[in-house]
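Note on naming: letters A, B, ... go to the chains in the order of the sequence lines (proteins, then strands), and numbering restarts at 1 for each one. The analysis underlying the following values was restricted to heavy atoms, covering all of them including side chains, and did not include hydrogens, waters or symmetry mates.
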Protein chains: 2
Amino acid sequence: MPQSTETTSYKDIKKTVLARIRSGEWQPDSLLPNEQDLAAEFSCTRTTVNRALRELADEGYLERRRKAGTRVLSAPQRQARFSIPMVRDEVEATGGTYRYALVSAETTVAPDWLTARLALRPDQSTVHVRCMHFSGNTPFQYEDRWIVVDSVPQVAQADFSAIGPNEWLIQTVPFTNVELSFLASRADATVARFLDLPEGEPVFTGERITWLEGQPVTYAKMYFGAGYRMTTQF
Amino acid sequence: MPQSTETTSYKDIKKTVLARIRSGEWQPDSLLPNEQDLAAEFSCTRTTVNRALRELADEGYLERRRKAGTRVLSAPQRQARFSIPMVRDEVEATGGTYRYALVSAETTVAPDWLTARLALRPDQSTVHVRCMHFSGNTPFQYEDRWIVVDSVPQVAQADFSAIGPNEWLIQTVPFTNVELSFLASRADATVARFLDLPEGEPVFTGERITWLEGQPVTYAKMYFGAGYRMTTQF
DNA sequence: AAAACACTAAAGTCTACACAAAATGGAATC
DNA sequence: GATTCCATTTTGTGTAGACTTTAGTGTTTT
């Protein structure tokens with residue numbers, strides 16, 4: 001049957017279901033009709049209903065279990081998606097001119113805390129890179145990163161004077177797992193100097209650990225310049 | 001054909017595609033074979049390939065355009081999903097005992113900055129609620145919230161002495177749009193007092209604006225206690 | 001009672017096919 | 001040379017039907 005003449009699409013179903021939840025017609029914790037019945041109601045196939053409900057479950061509105069059916073989540077476990085762009089893109093998106101500057105790059109044995117954090121073997125070798133990202137002449141981000149040499153042997157030959165370690169890594173090694181945190185920290189002397197802030201100032205900070213199939217690849221701490229906010233809409 | 005005997009599922013296809021991207025077989029920016037050809041290769045239907053590629057595009061690995069085809073995103077525009085639980089759930093998830101305390105609740109005309117922020121009409125009435133969320137006896141979050149009376153008339157009768165404004169709102173009014181930001185701010189005298197921190201200390205801060213069909217519903221500022229970090233894995 | 005078992009309802013996934021919609025690239029026209 | 005228009009390709013979405021997997025529920029056995 002062609003869908004040009006008045007059919008119900010999975011998007012329509014999503015909207016209707018959401019509306020019913022919002023209107024209170026379908027109370028939290030209550031069970032929805034099964035797919036078959038909904039298909040009949042919307043005069044479409046179960047496939048279409050399935051897609052609608054599956055996506056709503058994905059978005060955190062519904063909970064689905066085989067045999068048990070589909071129920072409305074009581075506390076809509078909403079989730080926010082933040083896009084994590086590369087610094088260059090983030091700067092350019094705001095109209096700024098991106099500039100990168102290497103501060104230091106050296107091969108060292110991993111410090112204790114890093115060995116613990118990444119579950120490294122004692123005395124594994126790392127490349128420690130510190131660098132700055134600017135938007136025009138304004139400091140945008142100070143990055144402090146360690147790369148595990150055993151996981152990324154090529155890093156020994158890498159030259160970080162022109163390209164940032166993040167961009168280099170993305171081009172060079174894949175990763176499978178990431179742990180990402182955000183917090184507020186106080187600017188120590190170093191961070192304050194590079195971000196051009198008074199010492200002790202609050203700094204929005206990101207911490208990122210990346211693995212490839214269980215192997216720790218890199219640990220990065222990213223200190224954002226004054227006034228930075230991470231925003232999303234949904 | 002039954003799928004018990006060796007068929008390719010959309011999950012298999014996702015894995016294979018990801019593996020090819022990671023291995024470099026399919027370079028960033030390059031075009032993938034079209035769905036028909038992939039279906040032939042995996043000996044399944046186009047529907048199955050479609051689902052696999054659609055989900056990968058959703059997850060930020062691929063870009064798909066009709067007629068243009070499917071290509072590997074050069075900078076895998078990865079996105080992090082943070083779940084935004086209600087404070088009670090967040091506290092209880094860490095094993096703490098949740099406790100709520102109202103600080104103040106009063107009806108006032110919206111201040112200038114809020115009128116501007118939410119695009120209110122001049123002198124619209126709001127309910128201003130300030131409250132604390134504890135984990136055991138440790139301050140977990142100080143919340144400072146305005147609720148627009150015109151959008152939520154019931155708020156005039158609400159009693160926030162036992163239930164937090166957020167939980168109340170979720171039960172009472174639906175919302176359609178949210179803008180959520182995170183930043184690092186310095187604790188002013190009030191925030192410092194409630195969170196039991198020295199004044200000027202960095203505070204991880206969330207700001208949330210909620211609309212219902214274009215109508216501003218509420219503005220909330222959430223100050224998190226010492227050591228808070230927002231974490232996700234992917 | 002408690003444990004093991006079978007039945008069955010519901011979601012999960014796949015096949016096979018069809019038509020819809022977008023957008024690219026080239027052809028026709030100005 | 002630029003613009004408009006159109007055919008074609010590729011993804012998007014729907015139908016119809018089948019088999020699979022999970023997990024409640026009720027029954028039987030211990």
Side-chain angles (χ1 to χ4, degrees), chain A residues 1-18 20-21 26-74 77, chain B residues 1-18 20-21 26-74 77:
Chain A
M1 205 180 302
Q3 70 225 51
S4 58
T5 63
E6 211 51 50
T7 53
T8 318
S9 86
Y10 77 98
K11 284 181 183 167
D12 298 332
I13 299 180
K14 283 179 75 172
K15 275 184 206 155
T16 307
V17 170
L18 268 183
R20 288 187 188 173
I21 292 174
W26 286 343
Q27 289 288 322
D29 268 330
S30 70
L31 224 52
L32 266 62
N34 70 33
E35 295 186 348
Q36 203 115 58
D37 295 349
L38 285 172
E41 185 197 328
F42 291 113
S43 52
C44 65
T45 52
R46 194 168 75 83
T47 317
T48 304
V49 173
N50 180 277
R51 176 158 180 193
L53 298 188
R54 176 159 38 84
E55 291 194 359
L56 285 173
D58 233 47
E59 291 161 26
Y61 293 100
L62 303 174
E63 199 214 345
R64 320 193 73 201
R65 287 214 324 278
R66 282 165 155 153
K67 166 76 183 177
T70 303
R71 56 179 68 246
V72 181
L73 278 181
S74 48
Q77 173 75 23
Chain B
M1 203 181 302
Q3 71 228 49
S4 58
T5 64
E6 209 54 49
T7 53
T8 318
S9 85
Y10 77 98
K11 285 181 183 167
D12 298 333
I13 298 180
K14 283 180 75 173
K15 274 185 208 154
T16 306
V17 170
L18 268 183
R20 286 189 188 170
I21 292 173
W26 286 342
Q27 288 288 323
D29 269 328
S30 69
L31 224 53
L32 266 62
N34 70 31
E35 295 187 348
Q36 203 114 57
D37 295 350
L38 285 173
E41 186 196 329
F42 291 112
S43 51
C44 63
T45 52
R46 193 168 77 82
T47 315
T48 303
V49 172
N50 181 279
R51 175 157 181 196
L53 297 187
R54 176 159 37 84
E55 292 194 358
L56 285 173
D58 233 47
E59 291 161 25
Y61 293 99
L62 303 174
E63 199 213 344
R64 321 192 72 201
R65 286 212 325 278
R66 282 163 155 152
K67 167 74 185 179
T70 302
R71 58 178 66 242
V72 180
L73 279 179
S74 49
Q77 175 73 21

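A donor-acceptor contact under 3.5 Å links the side chain of A:Arg46 to the base of C:dG12. Applying the 3.5 Å distance criterion, the base of D:dT22 shares no donor-acceptor pair with the side chain of A:Arg66.
The side chain of B:Arg51 has C:dT13 as its nearest neighbour among C:dT15, C:dT13, C:dA23. Among the nucleotides D:dT13, D:dG24, D:dT15, the one closest to any side-chain atom of A:Thr45 is D:dT15. When distances are taken from the side chain of A:Asn50 to each of D:dT15, C:dT13, C:dT15, the shortest belongs to C:dT13. Checked against D:dT8, C:dT15, C:dT13, the side chain of B:Lys11 finds its nearest nucleotide in C:dT13. For B:Thr47, the side-chain atoms get nearest to C:dC17 when compared with the rest of D:dG24, C:dC17, D:dT11. Of the candidates C:dA10, D:dG14, C:dT13, the closest approach to any side-chain atom of A:Asn34 belongs to C:dA10. Ranking C:dT13, C:dT15, C:dT24 by closeness to the A:Arg54 side chain, first place goes to C:dT13.
Side-chain nitrogen and oxygen atoms of B:Tyr10 include none within less than 4.0 Å of the OP1 or OP2 phosphate oxygen of C:dC14. A:Arg65 has no side-chain polar atom (N or O) that falls below the 4.0 Å cut-off from OP1 or OP2 of C:dA10.
Between the CD atom of A:Gln36 and the P atom of D:dA18 there is a distance of 12 Å, given to the nearest Å. One can place CG of A:Leu32 at 16 Å from C1' of C:dA9, the figure rounded to the nearest angstrom. In this structure, CG of A:Leu53 is placed 14 Å from P of C:dA10, rounded to the nearest angstrom. Note: CZ (B:Phe42) to P (C:dA16) measures 17 Å, nearest angstrom. Counting to the nearest Å, the P atom of C:dA9 and the CG atom of A:Asp37 are 13 Å from each other. With rounding to whole Å, B:Asp12 atom CG is found 12 Å from C:dT13 atom C1'.
Screening A:Leu18, A:Val17, A:Leu73 against A:Tyr61 for a side chain to side chain contact (heavy atoms under 4.5 Å, CB included) leaves a single residue, A:Leu18. If you run salt bridge (Lys or Arg N to Asp or Glu O under 4.0 Å) between B:Glu55 and each of B:Lys15, B:Lys14, B:Lys11, only B:Lys14 comes through.
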Derivation of the side chain to side chain contact (heavy atoms under 4.5 Å, CB included) call for B:Asp12 and B:Cys44:
CA-CA 11 Å; B:Asp12 298 333; B:Cys44 63; over 6 Å; no

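The residue A:Thr70 sits close only to the backbone: its heavy atoms come under 4.0 Å of sugar-phosphate atoms, none of a base.
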